[in-house]
Amino acid sequence: MSAPHRYSLMMRAIHWLMAIAILGLIASGWFMAGLDKSVDYKYDIYPWHKSFGVLILFLLVLRIVIRLFSKIPPLPSTMPKIEKGLAHLGHTLLYLLMFLVPASGYLMSAAAPGREVAMFGWVLPNLVEKDKELASLLHDIHEVIPYVLLGVIAVHLLAVIKHRMFDHPDHDSLKRML
Ligand code: HEM
Ligand code: HEM
C-alpha cells in the first residue's frame with residue numbers, strides 16, 4: 001500500500017481542536033491573570049481556564065494513542081535533512097510543552113492550600129501534598145512556560161508559511177494537515 005499524503009482524519013481533527021483550545025487557554029490565562037483582584041468576574045474565569053486546561057491533558061493522551069495507530073505521512077524525500085530534523089525537533093518540543101504547561105497548572109492548583117481542582121464541576125484527585133512553597137514554585141513556572149509555548153507555536157506557524165509560500169510545492173506542509 002502506498003504511503004499517505006496527509007495526516008489521518010482523527011489526527012487532523014485533534015490537531016485543530018487542540019490548537020484552538022491551547023490558543024484560547026493562553027489568551028484566557030493572560031487575560032484573567034492580568035485583571036485586578038477587585039474585578040468581580042476575575043475568579044469566574046479561573047474554573048473555566050482550569051477545566052479546559054485539564055481537558056488538554058486528557059486530549060494529549062488520546063492524541064498519543066491516535067498517533068500510535070495512525071499512518072504518519074513521510075516528509076518529502078527532497079526535503080533537506082536539516083529541515084526534517086528541525087521539524088521533528090519542533091514537534092517534539094510542542095508535545096513536551098503541551099504536557100508541561102497544563103501539568104504545571106494542575107499541580108500548582110493542587111498544591112495550593114485550601115483549594116481543590118475541578119474539571120467542569122468534577123472534583124479531581126489531588127496528586128500532590130498541600131505545600132505553599134511548591135505551589136509558589138509551580139506558579140512561577142506556570143507564569144512563564146505558556147509564553148515559551150506561544151513562542152514555539154509562532155515558529156511552527158512561520159515554518160508552515162515558509163513551506164507553503166517560499167518552497168517547492170511538494171513541501172507544502174499545510175496540505176498534510178487540512
Ligand atoms: C494548555 C493548558 C494551559 C495553558 C496554555 C495555560 C496558560 C496560562 C497562561 C498564559 C496564564 C497567565 C500567566 C501570567 O501571565 O501570569 C495562566 C494562568 C493560570 N493558569 Fe493556566 N494554562 C493551562 C492550563 C492550566 C491548568 C490545567 C490549570 C489548573 C488546573 C491552570 C491554572 C492557572 C491559574 C490558576 C492561573 C492564574 C495564576 C495567577 O493568578 O497568577 N492552567 N495559564
Ligand atoms: C495556529 C495555527 C497552526 C497551524 C497553521 C498549524 C499547522 C500544522 C501543520 C501544517 C502541521 C503538519 C506538519 C507536517 O508536515 O508534518 C502541523 C503539525 C503539528 N502541529 Fe500544528 N499548527 C498550528 C497550531 C498548532 C498548535 C497551537 C499546536 C500545539 C501547541 C500544534 C502542534 C502540532 C504538532 C505537535 C504537530 C506534529 C503532528 C505530529 O506529527 O504528530 N500546532 N501543524
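One-based numbering, in listed order, for ligands and for the atoms of each.
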Can you sort out which atoms of ligand 1 are near Ser109, meaning under 4.0 Å from one of its heavy atoms? 29 (C)

Once you round to the nearest 0.5 Å, how far does CG of Leu17 lie from CG of Leu62? 9.5 Å

Atom indices of ligand 1 within 4.0 angstrom of Tyr46 heavy atoms, with elements: 35 (C), 37 (C), 39 (C), 40 (O)

Give me the residue, atom name and distance of the protein heavy atom closest to atom 3 (C) of ligand 2. Trp16 CZ3, 3.7 Å

Counting heavy atoms under 4.0 Å, the part of Ile72 that contacts ligand 2 is neither

Nearest protein heavy atom to atom 26 (C) of ligand 2, by residue and atom, and its distance? Ala19 CB, 3.9 Å

Distance only, no hydrogens: is a donor on one side chain within 3.5 Å (strictly under) of an acceptor on the other, for His163 and Ser173? no

What residue and heavy atom of the protein are closest to atom 1 (C) of ligand 1, and at what distance? Pro102 CD, 3.8 Å

Enumerate the atoms of ligand 1 whose separation from the nearest heavy atom of Tyr106 is less than 4.0 angstrom. 26 (C), 27 (C), 28 (C), 29 (C), 30 (C)

Return the residue, atom name and 0.1 Å-rounded distance of the protein heavy atom closest to atom 10 (C) of ligand 2. Ser173 O, 3.3 Å

Distance to 0.1 Å, residue and atom name: give those for the protein heavy atom nearest to atom 4 (C) of ligand 1. Val101 CG1, 3.4 Å

I need the nearest protein heavy-atom contact for atom 12 (C) of ligand 2: residue, atom name and distance, please. Tyr7 CE1, 3.7 Å

Does ligand 1 have an atom under 4.0 Å from some heavy atom of Tyr147? yes

Closer than 4.0 angstrom, basic N to acidic O: yes or no for Asp167 and Lys162? yes

Ranked by distance from atom 16 (O) of ligand 1, the top protein heavy atom is Glu143 CG, 3.2 Å

Taking Ala110's backbone N and O only, do any of them form a donor-acceptor pair with Asn126's side chain (distance below 3.5 Å, no angle check)? yes

Judged on heavy-atom distance to atom 5 (C) of ligand 1, which of Leu97, Val117, Val54, Ile26 sits nearest? Ile26

Can a non-hydrogen atom of His139 be found less than 4.0 Å from any atom of ligand 1? yes

Does some non-hydrogen atom of Leu174 fall short of 4.0 Å from ligand 2? yes

Quick one: nearest non-hydrogen protein atom to atom 28 (C) of ligand 2, plus distance? Leu94 CD2, 4.5 Å

When you measure from atom 2 (C) of ligand 2 to every protein heavy atom, which one gives the shortest distance, and what is it? Leu157 CD1, 3.6 Å

Using heavy-atom distances, let me know which of Arg63, Lys84, Met98, Met177 sits nearest atom 34 (C) of ligand 2. Arg63

Rounded to the nearest 10 degrees, what's the angle NE2 of His49 makes with NE2 of His142 at atom 21 (Fe) of ligand 1? Could you check? 180°

Among Met11, His91, Arg164, which one puts a heavy atom closest to atom 36 (C) of ligand 2? His91

Where is the nearest protein heavy atom to atom 15 (O) of ligand 2: which residue, which atom, and how far? Arg176 NE, 2.4 Å

Protein contact of atom 9 (C) of ligand 1 - nearest heavy atom, named by residue and atom, plus distance: Gly29 CA, 3.6 Å

For Phe120 and Ser51, work out which heavy atoms get closest and say how close. N-OG, 2.8 Å

Among the heavy atoms of Met18, does any lie under 4.0 Å from an atom of ligand 2? no

Do the two ring centres, one from His171 and one from His168, sit under 6.0 Å apart? yes

Write out the residue and atom name of the closest protein heavy atom to atom 35 (C) of ligand 2, then the distance separating them to 0.1 Å. Tyr95 CE1, 3.4 Å

Within-shell test, His163 vs ligand 2, heavy atom, strictly < 4.0 Å: no

